[in-house]
Amino acid sequence: MSASIPASDQRFAVLTALAANVAIAIAKLGAAAVTGSSAMLAESLHSLADSVNEVLLLVGSRRSRRPADVRHPFGHARYRYVYAYVVSLTVFWVGGVLAVIEGLAHLEKPEALVDPRWAFAVLALAAALEGWSLRTTLRTSRSTRGALSWKRFIRVTKAPELIVVFLEDLGALIGIGIALIGIILTTLTGNGIWDALASIGIGILLAGIGLVVNRETQSLLVGESASDEVVAAIRKAIAGTDGVEAVLDLRTIHVGPDDLVVAAGIAVDPTQYASGVTRAIVEAEVRIRAVTPYRTVIYLEPRVGEGTVEGTPEAPAAEPD
């Protein structure tokens, strides 16, 4: 995670997903109305929830760009985390729970499908559009993700939009597969139970995605440190500054995907003049900003020797007369 993802690229990934999901939701609702498929209705709820989610992400991104003020001295960047958290609830309740309820209702009264060819055509279209959206997300995150696995990337990235869009697109493709299996089995057997079970499966899938997004966005809301690589680079930058003897304490926290607060205690030579300590602090701040890909607020506290970590060192004893 050596660099942050440009905001324009993140926005493009969200807009791409929004365009795909709106088109897919309309097509799936039409197919559900024609065929009477519970799985298609669950998939339409899925795409509808995804469309609402993209709108929420865009609103959060817009509000996060508000400038800092007296009440919010570090700015409003955390709005992106807040809205991503709301998205996790939407995926779970609108997409997951409603799909399970719909499946259970059809499980009690299974119905045969009417002209499933419409469902097959819409699912093929949905797979193509979701694949296009997923490809855009993969390309957007490629430079930042590097050699990290997607599982690891989801855990360490500070950009909630990529977490949401990637999991949505991946979940959508899996959901399309589940719906396709259910509709094929219902068509072959004439038993609507398979269609209902597919709807329940889609609902469980969406609930699981909602829980993962909820967990990750909660962690971001509480406040995550910078990645290990960035922390190591900051520590090295401070330690290599003339006039700094050691880094006694270093803490970082993301107040937004592209905003980082750095606080550190630094050991300085007790024989230095105040002007020398000031120069060391200024140089250390310049070096920190050179190695961090974020907007950075820095607090460096000079301490006289390592003893100041726990308390003030004792004055030397006076010589006897």
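As the structure is a computational prediction, the values presented were derived from the model and not from experiment.
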Rounded to the nearest 0.5 angstrom, the OG1-NZ distance for T35 and K28 is 12.5 Å
Would V261 and Y299 count as a side chain to side chain contact (heavy atoms under 4.5 Å, CB included) here? Give the steps.
CA-CA 8 Å; V261 175; Y299 299 98; 4.1 Å; yes
Any chain of hydrophobic side-chain contacts (each under 4.5 Å) joining I234 to I253?
no
Check: M40 and L123 side chains under 4.5 Å, non-hydrogen atoms:
yes
Any side-chain heavy-atom pair of L98 and W93 under 4.5 Å:
no
If you count every heavy atom of other residues, nucleotides or ligands that lies below 6.0 Å from R65 atom CZ, does the total exceed 12?
yes
Might you point out which heavy atoms bring V291 and A233 nearest each other, and give the distance in Å?
CG2-O, 3.8 Å
Between H254 and Y294, does the ring centre distance come in under 6.0 Å?
yes
Heavy-atom neighbours of R117 CZ exceed 12 at 6.0 Å
no
Within this structure, what is the CZ-OH distance for the pair R63 and Y83, rounded to the nearest 0.5 Å?
4.0 Å
Give the minimum heavy-atom separation between G36 and H106, together with the two atoms involved.
O-NE2, 4.1 Å
Got a second to check how far L113's CG is from S38's OG, nearest 0.5 Å?
9.5 Å
Joint hydrophobic cluster, I24 plus L125, side-chain heavy atoms closer than 4.5 Å
yes
Can you check whether L162 reaches F153 side chain to side chain, under 4.5 Å on heavy atoms?
yes
At their closest point, which heavy atom of I266 faces which heavy atom of I238, and how far apart are they?
CG2-CG2, 3.6 Å
For the side chain of S88 and the backbone of Y85, is there at least one donor-acceptor N/O pair under 3.5 Å apart?
yes
CD on E168 to CG on D50, rounded to 0.5 Å
4.0 Å
Measure the shortest side-chain to side-chain distance between P116 and T186 over non-hydrogen atoms and say whether it is less than 4.5 angstrom.
no
Under the criterion side chain to side chain contact (heavy atoms under 4.5 Å, CB included), I'd like the reasoning laid out for L134 against F166: C-alpha separation, chi angles, the key distance, then a yes or no.
CA-CA 6 Å; L134 180 60; F166 171 72; 3.7 Å; yes
R80 and D258 ion-paired at < 4.0 Å:
yes
Contact summary for T217 and Y81, nearest pair of heavy atoms
CB-O, 4.3 Å
Any chain of hydrophobic side-chain contacts (each under 4.5 Å) joining V164 to L56?
yes
Going from CG on L58 to CG on L15, what distance comes out if it is rounded to the nearest 0.5 angstrom?
5.0 Å
How far apart are the closest heavy atoms of V277 and P302, and which atoms are they?
CG1-CB, 3.7 Å
For a 4.5 angstrom cut-off between non-hydrogen side-chain atoms, does D169 reach L173?
no
With a cut-off of 6.0 Å (strictly less than), are more than 12 heavy atoms of other residues, nucleotides or ligands near CH2 of W150?
yes
Where E161 and S61 come nearest, the two heavy atoms and their spacing:
OE2-CB, 4.5 Å
Is it the case that the side chain of S133 and the backbone of E130 share a donor-acceptor pair, with hydrogens and angles ignored and the cut-off at 3.5 Å?
no
Using atom types as modelled and distance alone, determine if a side-chain donor or acceptor of Q272 lies under 3.5 Å from a backbone N or O of G243.
yes
If you draw a 6.0 Å radius around CZ in R155, do more than 12 non-hydrogen atoms from other residues or ligands fall strictly inside?
no
ILVMFWY network linking I183 to L29, side-chain heavy atoms under 4.5 angstrom:
no
Short side-chain to backbone donor-acceptor contact, N21 and A17, under 3.5 Å:
yes
Pairwise distance CH2(W132) to OG1(T137) - rounded to 0.5 angstrom
10.5 Å
Between H76 and A68 (side chain of the first, backbone of the second, donor and acceptor by atom type, cut-off under 3.5 Å), is there such a pair?
no
Give a yes or no on whether V100 and L107 share a hydrophobic cluster (residues Ile, Leu, Val, Met, Phe, Trp, Tyr; joining criterion: side-chain heavy atoms under 4.5 Å apart).
yes
Flag side-chain contact, heavy atom, 4.5 Å: L89 against N214:
yes
Does L18 reach the side chain of S51, with side-chain heavy atoms less than 4.5 Å apart?
yes
Do L167 and I154 have side chains that get closer than 4.5 Å, going by heavy atoms?
yes
Kindly indicate, with the supporting measurements, whether the criterion side-chain hydrogen bond (donor to acceptor under 3.5 Å, both in side chains) is fulfilled by T241 and E283.
CA-CA 7 Å; T241 303; E283 182 183 346; 5.0 Å; no
